[in-house]
Each structure stands twice: as structure tokens, then as C-alpha cells.
Amino acid sequence: MQDSDVMAKMAASMVEGGEDSFRKIFKFYRRRNPPPDLSDVIDFSRCAPVNLDTAAVSDVEATRVGLQPVREWRAFGLRGHPGTRSRQSLNKVWMRAVWFNSVRLPAGKREARTLLERLRWVTLGYHYNWDTKTYSPSSHTPFPRDLHLLSAHVTAACGFPGFISEAGILNYYRSDSSLGIHVDESELDHTRPLLSFSFGQSAIFLLGGPRRQDPPRAMLMHSGDVMVMSGPSRLLYHAVPRILPAPPGRLALETGGSIQTPPPQEGSVVEPVSEEEWAVCSRYIQSSRVNVTVRQVLAPGQKFPETPRSHQTTDPGQTDGYDDGENGKRKRSSSDSPYAAETH
Ligand SMILES: O=C(O)CCC(=O)C(=O)O
Ligand SMILES: [Mn+2]
């Protein structure tokens with residue numbers, strides 16, 4: 001990096017009037033009136049592609065988890081952020097699997113619809129404790145096999161073989177939801193990548209630097225996109241200030257379009273979902289966004305410490321958080337939205 005770049009970065013991250021540049025940019029994109037100018041938002045379809053390890057996942061293995069062969073995937077890297085983002089058109093099979101693994105509600109019931117409207121997050125595997133900001137062996141359910149295989153194949157193709165999916169966090173966003181500035185560092189092993197799968201409506205994702213106030217870059221996340229935060233990018237601050245309508249064609253889960261439904265495969269590992277449940281899910285994502293992050297918590301052979309440490313990753317000055325635009329800012333607790341604060 002040139003000296004002038006360093007100076008510019010430092011200047012940009014200086015706190016002005018109590019607000020650092022990440023918060024300013026977060027608020028800029030969150031603003032409703034007037035709506036923000038989106039011309040600086042990076043659309044990955046226009047970025048330089050990066051190579052994937054096409055030999056890491058066989059065509060048969062890819063097909064079994066409902067994916068195209070790795071050579072068909074399109075992957076892009078963000079300059080200055082070594083770590084990979086791949087877009088590979090996850091399909092209806094995967095949206096179904098994610099739904100199956102998280103939301104099991106009877107279709108058409110009024111209470112179910114109300115519950116769905118209020119749904120903000122679900123945890124899988126080692127369940128994250130939002131109060132202590134820790135995972136623990138005493139709060140654990142088996143991680144879904146299909147979601148693990150998907151994650152293992154994606155990470156292997158990105159050059160990280162041997163990924164073990166141990167925890168998952170699903171975030172449910174309505175059109176006015178946002179996710180505050182945070183870093184994911186509660187996992188005990190940070191050398192493993194973090195995966196993020198998006199479905200439904202689109203989002204602006206802000207990726208900052210290793211310090212909370214570092215200015216972020218804004219990028220678009222669409223339905224079917226997969227993001228892999230790895231290496232130095234694994235511990236960067238990030239946030240989702242805004243949900244945007246999915247571009248035409250990107251949400252074509254019902255009838256094909258860019259997100260195809262492959263025919264049922266022999267040996268498929270993806271759990272089936274009834275048409276009734278799928279109807280609830282597909283209606284839900286017409287107006288909402290679902291994001292799943294998959295994390296490896298422990299290094300191979302590592303154990304949880306005897307006395308769990310409380311993880312303090314919160315920036316004390318930060319008050320942006322997950323809020324649904326109706327009830328204002330929420331405080332994070334185990335009984336409410338996890339995203340009132342900033343880190344997890
Ligand atoms: O919704 C997203 O794209 C990001 C989610 C996220 O950062 C998280 O769950 O830690
Ligand atoms: Mn995160």
C-alpha cells in the first residue's frame with residue numbers, strides 16, 4: 001500500500017463528530033429518504049474471476065448435494081481482501097434444505113404466519129449464546145449433514161479442505177431489517193473460513209477492515225450467492241445496512257431462471273421438503289432475505305476450555321444493531337434478536 005493510501009485510509013477512519021467512517025457509511029446505505037446512491041456498490045458479476053480447485057470436488061459429489069460441477073461455478077475475489085467470494089447459483093434444492101433445517105411450521109395457519117413474521121434468527125450445531133458470546137458443548141444438536149456437505153464442498157473448492165461445520169446462524173431479514181457492525185470471532189479457531197449463503201431478497205453487505213472504524217466497501221449479495229471469508233478476511237468487520245428487492249430473474253425459484261431446480265438425483269443427500277412447506281418458504285422469500293453462516297468452532301482435536309471465557313468483541317461506542325425498523329433498536333439477549341449489539 002502506498003503512503004498516500006495509508007494517509008487517506010487513516011483520515012477516512014478518523015472519528016468525526018463522534019462517528020467513524022464505518023458508521024457513517026452504514027447510515028448512508030440505511031437511509032430511507034432520500035434513498036442512497038448505489039453507484040459505489042460493487043456487483044461481483046463485474047469483478048475479476050478467481051480460480052477454484054476443480055479437482056477438489058468430483059462432479060458426482062457436487063451433483064449429490066444439488067450443485068453444478070465446480071468448473072461451472074463463477075468465483076470472484078475482492079481486491080485488497082484476500083479471501084474468496086464465490087457465486088454458484090445455489091438452487092431451489094438448497095433453499096428447501098435450509099428451510100427444512102431451520103423452520104418447520106405448518107403451512108397456512110395464522111399463528112405460523114405470525115411466528116414467521118417475528119422470526120429473526122435460528123442457530124444450528126453448537127448453539128451460540130448471545131449473552132456470553134460463546135459456544136459451549138452443553139448446548140449442542142447435531143449439525144445437519146446436508147448443510148455440512150454443501151459447506152465442505154464449497155470450502156474445498158476454494159482451497160480449504162477438511163472444513164468441519166460445527167455451528168450455523170440463520171438470519172431472517174424483512175425489507176426494513178439490518179445487521180449491525182460486527183466481527184465473528186467467538187469461534188475458537190479462526191484459521192478456518194466462514195461461509196455465508198444468501199437466499200431471497202438482495203442485500204448491501206459492507207466489508208470493512210480489522211478495526212471497527214476502518215471504512216468499508218459496499219457490495220451486493222443476491223439470492224444463491226455464497227461468500228467465503230477466509231485468511232485475513234476472516235476477521236474483518238462487516239454489516240448489512242439494507243435489504244433491496246431481488247433483481248428480476250434472480251429469485252426464479254419456482255420456474256427455473258438463473259436458479260435452476262435440478263431433477264432429483266440418485267444418492268442425493270439433500271433432505272426433501274413437502275410442497276406445502278415449500279409454498280410457505282417461497283412465499284416468505286418473495287419479501288424477505290434468509291442468510292446462513294456456517295462456522296467451524298474448534299480446530300481438529302481442540303476441546304472447549306473448562307471455564308468458558310466470555311468473549312468480549314463489542315466496540316463500546318457502537319450502537320448500530322439489528323433493528324426491524326418498527327420497534328427501533330433492540331437489545332440483544334437470548335430471548336430476542338441477537339443483533340442488537342455488534343459482534344458475535
Ligand atoms: O446476512 C449476512 O449477509 C451476514 C450475516 C452475518 O454477518 C452473520 O451472521 O454473522
Ligand atoms: Mn457476521
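These numbers come from the heavy atoms of this one structure, side chains and all, not from hydrogens, waters or symmetry mates. Just so you know, ligand 1 is whichever comes first in the structure, and atom 1 is the first atom listed for that ligand.
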Counting from 1, what ligand 1 atoms have a heavy atom of [X] closer than 4.0 Å?
| X | answer |
| --- | --- |
| D184 | 10 (O) |
| V240 | 1 (O), 2 (C), 3 (O), 4 (C) |
| L179 | 4 (C), 5 (C), 6 (C), 7 (O) |
| Y173 | 1 (O), 2 (C), 4 (C), 5 (C) |
| R289 | 1 (O), 2 (C), 3 (O) |
| R295 | 8 (C), 9 (O), 10 (O) |
| T293 | 8 (C), 9 (O) |

Between S196 and N291, a side-chain donor and acceptor under 3.5 Å: yes
S198 N/O under 3.5 Å from ligand 1 N/O: no
Min N/O separation N171 to ligand 1 under 3.5 Å: yes
Derivation and outcome, ring pair (Phe, Tyr, Trp, His ring centres under 6.0 Å), residues F304 and Y126: CA-CA 11 Å; F304 282 100; Y126 287 118; 5.0 Å; yes
Transitive ILVMFWY side-chain link L149 to I164, under 4.5 Å: no
Region of M229 that comes within reach of ligand 1 [heavy atoms, distance under 4.0 Å]: neither
H238, portion touching ligand 1 at heavy-atom distance under 4.0 Å: side chain
Salt-bridge present (R295, E187; N to O < 4.0 Å): yes
Short N-O contact, D184 and R234, less than 4.0 angstrom: no
Partner of S165 under side-chain hydrogen bond (donor to acceptor under 3.5 Å, both in side chains), chosen from R192, Q296, H148: H148
Where the Mn ion (ligand 2) is the vertex, angle from H238 NE2 to D184 OD2 to 10°: 80°
Min side-chain heavy-atom separation R32-R242 under 4.5 Å: yes
Criterion salt bridge (Lys or Arg N to Asp or Glu O under 4.0 Å) against D20, the qualifying member of R212, K27, R211: R212
Min heavy-atom dist M227 to ligand 1 below 4.0 Å: no
Test of ring centre spacing under 6.0 Å for H238 and F205: yes
